[in-house]
Amino acid sequence: MNPEQTIQNQFNILTSSDDALVPQIAISLTAMARNLSHAHIDFYLLHSRVSPENIQMLSVLCKGYGNIAFHEIRVGNPEGYDPLVQAGGWQRETYYPLCAHQLLPDTMERAMYLDAGDTLVVGDIAPYYTCDFEDNFLIVTVQRYKDENGLAAPLSAEDIANPAFLPGILKGLFNSGSYILNLEKMRRAELDLSWYCSFTENLRDLRNSFCPDSRAEKTVCFGDQGLLSAAFIGSLKYYGYPEIRDLWYCPYNFCIGYYDYNERKPDYQPAVLHFAGVPFKPWKAEYPIFPERFQSAGGERRGLSELKQGQVEYYFLWLEYLFLTDKALSILGI
């Protein structure tokens, strides 16, 4: 087997979470196992507060599927991420992947991050996963361009000092539901948590210099995607660019909110679904039947009638993987 074949048949995938999303992660693992059945997956869970019982459940589930090796990565010093929490407004786990190059094995060159719980791998991710970094830090799904002589073009590093561009950068140049990390380049750049914290304070100063009225605001950017966009602006590989400049081209981070703006299905087959831009997550939907073991993952239910027509089928696809997960856990005696 040549190196290219090896890469195409082995994927490093990571997510980060607390206990609350573990049932949904199990469903995501089921989708991976089935739709990447030709491959071996090393799955890494970055966490600081997932119970031993849930770690055991995920580990046994992966072992039962046969093609997923489960790796628990317990993050030390979780309180060190609190400056990023304050700046981005999301919980600590959101920011653990920023230091994945320090937390994952030193020999690992790349890894794919997936949002915990609300993403599903439903097709082959090899074209995305094996894409040439072209010496960029991340491979991403673009959600913001600038106009350059009538053409959509990526924002450059110089644009962060432009008050016309900064707000958009801080909201995010890409959607962080799925991206590929260049772990080797991050290690070479000697990035660490203290660097991100210092960078975030510099961002706050920059924003406040453009907009003094914002000084009282604790948040400076939108979650992780705003911080990552600012940190690596000018060194982001937009998947499909420059051949494709359509913001709706997102086969490896297909946000279901697409149907709020489009009635027709995309002209490509999504390989990674992201339940973002929707009124509620799929585990909150009112289905005819919902397995008892997952009841706590849902809470109060909402009607599928709130969704656009094109969105409903993906919710039922998620439900299908939920039933498959429930069956697998029952067979494994969990």
**Student:** List the atom pairs, donor and acceptor, that lie under 3.5 Å between side-chain atoms in residues 175-182 and the rest of the protein, sequence neighbours left out.
**Tutor:**
residue : atom : partner : partner atom : Å
Asn175  : OD1  : Gly177  : N            : 2.9
Asn175  : OD1  : Asn253  : ND2          : 3.0
Asn175  : OD1  : His274  : ND1          : 3.1
Ser176  : OG   : Asp224  : OD1          : 2.9
Ser176  : OG   : Asp224  : OD2          : 3.4
Ser176  : OG   : Gln225  : OE1          : 3.2
Ser178  : OG   : Tyr128  : OH           : 3.4
Ser178  : OG   : Tyr252  : O            : 3.1
Asn182  : OD1  : Lys185  : N            : 3.1
Asn182  : ND2  : Asn136  : O            : 3.0

**Student:** Using modelled atom types and a 3.5 Å cut-off, is there a donor and acceptor pairing between side-chain atoms of Gln269 and backbone atoms of Gly123?
**Tutor:**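 It does not hold such a pair.
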**Student:** Could you state the interatomic distance from CZ (Arg110) to SG (Cys131), rounded to the nearest 0.5 Å?
**Tutor:**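 Going from the CZ atom of Arg110 to the SG atom of Cys131 covers 7.5 Å.
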**Student:** Roughly how far apart are Cys197 SG and Asp192 CG, rounded to 0.5 Å?
**Tutor:**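 That separation rounds to 9.0 Å.
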**Student:** As an exercise, state the distance from CG of Leu307 to OG of Ser305, rounded to the nearest 0.5 Å.
**Tutor:**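 So the CG of Leu307 and the OG of Ser305 are separated by 8.0 Å.
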**Student:** Using a strict cut-off of less than 4.0 Å between a Lys/Arg side-chain nitrogen and an Asp/Glu carboxylate oxygen, indicate whether Lys308 and Glu263 qualify as a salt bridge.
**Tutor:**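 Here Lys308 does not pair with Glu263 in a salt bridge, since their nearest N and O are not under 4.0 Å apart.
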**Student:** Is Ile289 atom CD1 crowded by more than 12 heavy atoms from other residues, nucleotides or ligands, each under 6.0 Å away?
**Tutor:**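 Open: at most 12 neighbouring heavy atoms sit under 6.0 Å from CD1 of Ile289.
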**Student:** Please test Arg34 against Glu320 for salt bridge (charged side-chain N to carboxylate O under 4.0 Å, His left out), starting from the C-alpha separation and ending with a verdict.
**Tutor:** CA-CA 12 Å; Arg34 289 188 164 251; Glu320 179 181 343; over 6 Å; no
**Student:** Would a distance-only check, ignoring hydrogens and angles, find a side-chain to backbone donor-acceptor pair under 3.5 Å from Lys63 to Ala69?
**Tutor:**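 No, the answer is negative, given that no donor and acceptor are paired below the 3.5 Å cut-off.
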**Student:** Counting the benzene-type ring for Trp, do Tyr258 and Trp248 have ring centres under 6.0 Å apart?
**Tutor:**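 Yes; Trp248 has its ring centre under 6.0 Å from that of Tyr258.
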**Student:** I'd like to know if the side chain of Ser235 reaches the main chain of Phe232, judged simply by a donor and an acceptor atom lying under 3.5 Å from each other, with no hydrogens or angles considered.
**Tutor:**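 Not a single qualifying donor-acceptor pair exists.
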**Student:** Apply the test ring pair (Phe, Tyr, Trp, His ring centres under 6.0 Å) to residues Tyr314 and Trp318: give CA-CA distance (whole Å), side-chain angles for both, the deciding distance (0.1 Å), then the verdict.
**Tutor:** CA-CA 6 Å; Tyr314 294 112; Trp318 182 88; over 10 Å; no
**Student:** Step by step, work out the salt bridge (charged side-chain N to carboxylate O under 4.0 Å, His left out) result for Glu217 and Arg207.
**Tutor:** CA-CA 11 Å; Glu217 296 179 16; Arg207 184 204 61 180; 3.6 Å; yes
**Student:** Heavy atoms only: give me the nearest Tyr65-Thr325 pair and the separation to one decimal.
**Tutor:**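 So the two residues come closest at OH-CA, 4.1 Å.
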**Student:** Counting heavy atoms not belonging to Glu134, are there more than 12 under 6.0 Å from its CD?
**Tutor:**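 Count over threshold, so yes.
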**Student:** May I ask you to decide if Val121's main-chain N or O and Asn35's side chain share a donor-acceptor pair within less than 3.5 Å?
**Tutor:**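 Yes.
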**Student:** Given Tyr315, which partner from the list Tyr287, Phe280, Tyr259 fulfils the ring-ring contact (aromatic ring centres under 6.0 Å, His included) test?
**Tutor:**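 Considering Tyr287, Phe280, Tyr259, a ring-ring contact (aromatic ring centres under 6.0 Å, His included) with Tyr315 is found only for Phe280.
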**Student:** Does Arg302 reach the main-chain N or O of Lys281 with its side chain, forming a donor-acceptor pair under 3.5 Å?
**Tutor:**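 Not at all, since once roles are kept as given, no pair shorter than 3.5 Å links the two residues.
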**Student:** Quick one: which residue pairs count as a salt bridge (charged side-chain N to carboxylate O under 4.0 Å, His left out) with a foot in residues 148-164, not counting sequence neighbours?
**Tutor:**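 Listed once each, the pairs are Lys146-Glu148, Lys146-Asp159.
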**Student:** Looking at Cys62 and Leu29, what are the two nearest heavy atoms and their distance?
**Tutor:**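 Nearest heavy atoms, Cys62 then Leu29: SG-CD1, 3.7 Å.
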**Student:** Closer than 3.5 angstrom, by distance alone: can the side chain of Ser59 be matched with the main-chain N or O of Ile55 as a donor-acceptor pair?
**Tutor:**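 Not at all, since once roles are kept as given, no pair shorter than 3.5 Å links the two residues.
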**Student:** Return yes if a side-chain donor-acceptor contact under 3.5 Å exists between Tyr238 and Thr141, otherwise no.
**Tutor:**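 Thr141 and Tyr238 do not have a side-chain donor-acceptor pair below 3.5 Å.
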**Student:** Quick one: does any side-chain atom of Ser209 pair with a main-chain N or O of Leu206 as donor and acceptor, under 3.5 Å?
**Tutor:**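 Yes.
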**Student:** Cut-off 3.5 Å, side chains only: do His47 and Glu93 have a donor facing an acceptor?
**Tutor:**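 Absent: no donor and acceptor within the cut-off.
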**Student:** Hey, does the side chain of Gln295 reach the backbone of Phe290 with a donor-acceptor pair shorter than 3.5 angstrom?
**Tutor:**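 Yes, the answer is positive, given that a donor and an acceptor are paired below the 3.5 Å cut-off.
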**Student:** Can Ser229 and Arg144 be counted as having a side-chain donor-acceptor contact under 3.5 angstrom?
**Tutor:**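 Ser229 vs Arg144: no donor-acceptor pair found between side chains.
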**Student:** Report yes if some heavy atom in the side chain of Leu170 is under 4.5 Å from a heavy atom in the side chain of Leu203; otherwise report no.
**Tutor:**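 Of all side-chain heavy-atom pairs linking Leu203 with Leu170, at least one is under 4.5 Å.
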**Student:** Could you go through Trp90 and Tyr95, starting from their C-alpha distance and side-chain angles, then the distance that decides it, and tell me whether this counts as ring pair (Phe, Tyr, Trp, His ring centres under 6.0 Å)?
**Tutor:** CA-CA 8 Å; Trp90 295 353; Tyr95 303 96; 7.4 Å; no
**Student:** How long is the span from the CD1 atom in Ile139 to the OH atom in Tyr239, to the nearest 0.5 Å?
**Tutor:**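 It is 9.0 Å, given to the nearest 0.5 Å.
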**Student:** Nearest 0.5 Å please: distance from the OH atom of Tyr113 over to the CG atom of Leu228.
**Tutor:**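 Reported value, rounded in 0.5 Å steps: 9.5 Å.
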**Student:** Has Arg187 got a side-chain atom pairing as donor or acceptor with Gln102's backbone, closer than 3.5 angstrom?
**Tutor:**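 Not a single qualifying donor-acceptor pair exists.
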**Student:** Quick one: does any side-chain atom of Arg74 pair with a main-chain N or O of Arg49 as donor and acceptor, under 3.5 Å?
**Tutor:**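 Checked: no pair found.
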**Student:** Which atoms form the tightest heavy-atom contact between Ile169 and Ala230, and what is the distance?
**Tutor:**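 Scanning both residues completely, I find the closest heavy atoms to be CG2-CA, 3.8 Å.
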**Student:** Rounded to the nearest 0.5 Å, what's the gap from OG1 on Thr94 to CG on Leu227? Could you check?
**Tutor:**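 Reported to 0.5 Å precision, the distance equals 11.0 Å.
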**Student:** Count the heavy atoms of every other residue, nucleotide or ligand shown that sit under 6.0 Å from CZ of Arg188, and state whether that count exceeds 12.
**Tutor:**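 Enclosed: over 12 neighbouring heavy atoms sit under 6.0 Å from CZ of Arg188.
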